[in-house]
Enquirer: 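First the structure, then my questions, so here it is.
Letters go in sequence order (proteins before strands), and every chain restarts at 1. The shown structure was predicted, so the numbers you read here are calculated from the model rather than taken from an experiment.
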Amino acid sequence: NAGVTQTPKFQVLKTGQSMTLQCAQDMNHNSMYWYRQDPGMGLRLIYYSASEGTTDKGEVPNGYNVSRLNKREFSLRLESAAPSQTSVYFCASSVQGGVYEQYFGPGTRLTVT
Amino acid sequence: GEDVEQSLFLSVREGDSSVINCTYTDSSSTYLYWYKQEPGAGLQLLTYIFSNMDMKQDQRLTVLLNKKDKHLSLRIADTQTGDSAIYFCAESRNNNAGNMLTFGGGTRLMVKP
């Protein structure tokens, strides 16, 4: 049982390049989330998916798109990367919406130059 | 609006107690959480408290909630060097669309031997 996995672990992009961050969970969870973590700012929610087939914006969605490919996988896409998107990105999942515990992946460290 | 605040840094000696404080503004929060992040890793849930409780104890951890002042604290008894990490408080509102967590900026706990 791997829990929540993320790829890649590290990535360097040039301004304007695109990339997709991958996330998968093997816990049969319904809800999945993407956060970014910046120093001193905690985690901020980018997008979430309450269940397969649905996605909704979080606090900081601009510059990102998401796809809930199936129940296991939730990807985050940067269409045209900007230096302001340099951050550590975390994917998380929970059994369902409500107040259930969220389980986090190990993170992807992204640098945009 | 939502705002969760924590002090940035706390240093204690091994064997002492640590108290990490957090203030929040959303009075409709249903659960409040403490997460721990070790270097290079994702967040891991330590403990949580329901908003109608004022105290919860779990082994070396004690959570105190003052709902009137919107103040949450985490006490770690007999702090060990392995407790060195960043601690995040988070609040959650019951939202059928998903478990919407708002995180504080994190408190870095350093435990000196």
Enquirer: Got Leu43(B) and Leu43(A) here, is their nearest side-chain heavy-atom distance under 4.5 Å?
Expert: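 Counting from C-beta outward, Leu43(B) and Leu43(A) do come under 4.5 Å.
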Enquirer: Can you tell me if Met110(B) has over 12 outside heavy atoms packed within less than 6.0 Å of its CE?
Expert: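 It does not: Met110(B) CE has 12 such atoms or fewer within range.
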Enquirer: Under 4.5 Å, heavy atom to heavy atom, which residues of residues 103-113 of chain A contact chain B?
Expert: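 Checking residues 103-113 of chain A against chain B gives Phe104(A), Gly105(A), Pro106(A).
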Enquirer: Minimum heavy-atom separation for Phe90(A) to Gln37(B), with atom names?
Expert: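 Closest approach of Phe90(A) to Gln37(B): CZ-NE2, 3.3 Å.
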Enquirer: Within residues 55-85 of chain B, which residues come under 4.5 Å of chain A, heavy atom to heavy atom?
Expert: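 Residues in range: none.
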Enquirer: Are Met53(B) and Trp34(B) connected, step by step, through hydrophobic side chains (Ile, Leu, Val, Met, Phe, Trp, Tyr) whose heavy atoms are closer than 4.5 Å?
Expert: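 Yes: a chain of side-chain contacts under 4.5 Å links Met53(B) to Trp34(B).
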Enquirer: A side-chain contact here means heavy atoms from C-beta on lying under 4.5 Å apart; do Leu45(A) and Phe103(B) qualify?
Expert: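 SC-SC contact between Leu45(A) and Phe103(B) ruled out.
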Enquirer: Consider only side-chain heavy atoms of I, L, V, M, F, W and Y, link residues closer than 4.5 Å, and tell whether Leu13(A) and Leu21(A) are in one cluster.
Expert: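 Both belong to a single hydrophobic cluster.
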Enquirer: Side chain, backbone, both or neither: which part of Tyr35(B) has a non-hydrogen atom closer than 4.5 Å to chain A?
Expert: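 Contact with chain A: side chain only.
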Enquirer: Gln37(A) versus chain B, heavy atoms under 4.5 Å apart: side chain, backbone, both or neither?
Expert: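 Gln37(A) touches chain B through side-chain heavy atoms alone.
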Enquirer: Any link between Val4(B) and Leu46(B) through a network of hydrophobic side chains (Ile, Leu, Val, Met, Phe, Trp, Tyr) touching at under 4.5 Å?
Expert: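 The answer is yes; both residues are in one hydrophobic cluster.
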Enquirer: Determine, using the 4.5 Å side-chain heavy-atom cutoff (strictly less than), whether Tyr87(B) and Tyr35(A) are members of one ILVMFWY cluster.
Expert: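 Cluster IDs for Tyr87(B) and Tyr35(A) match.
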Enquirer: Taking the side chain as every heavy atom from C-beta outward, state whether Leu101(B) and Gln102(A) have any pair of such atoms under 4.5 Å apart.
Expert: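 Counting from C-beta outward, Leu101(B) and Gln102(A) do come under 4.5 Å.
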Enquirer: For residues Phe74(A) and Val95(A): do they belong to one hydrophobic cluster (side chain heavy atoms under 4.5 Å, members Ile, Leu, Val, Met, Phe, Trp, Tyr)?
Expert: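 Cluster IDs for Phe74(A) and Val95(A) differ.
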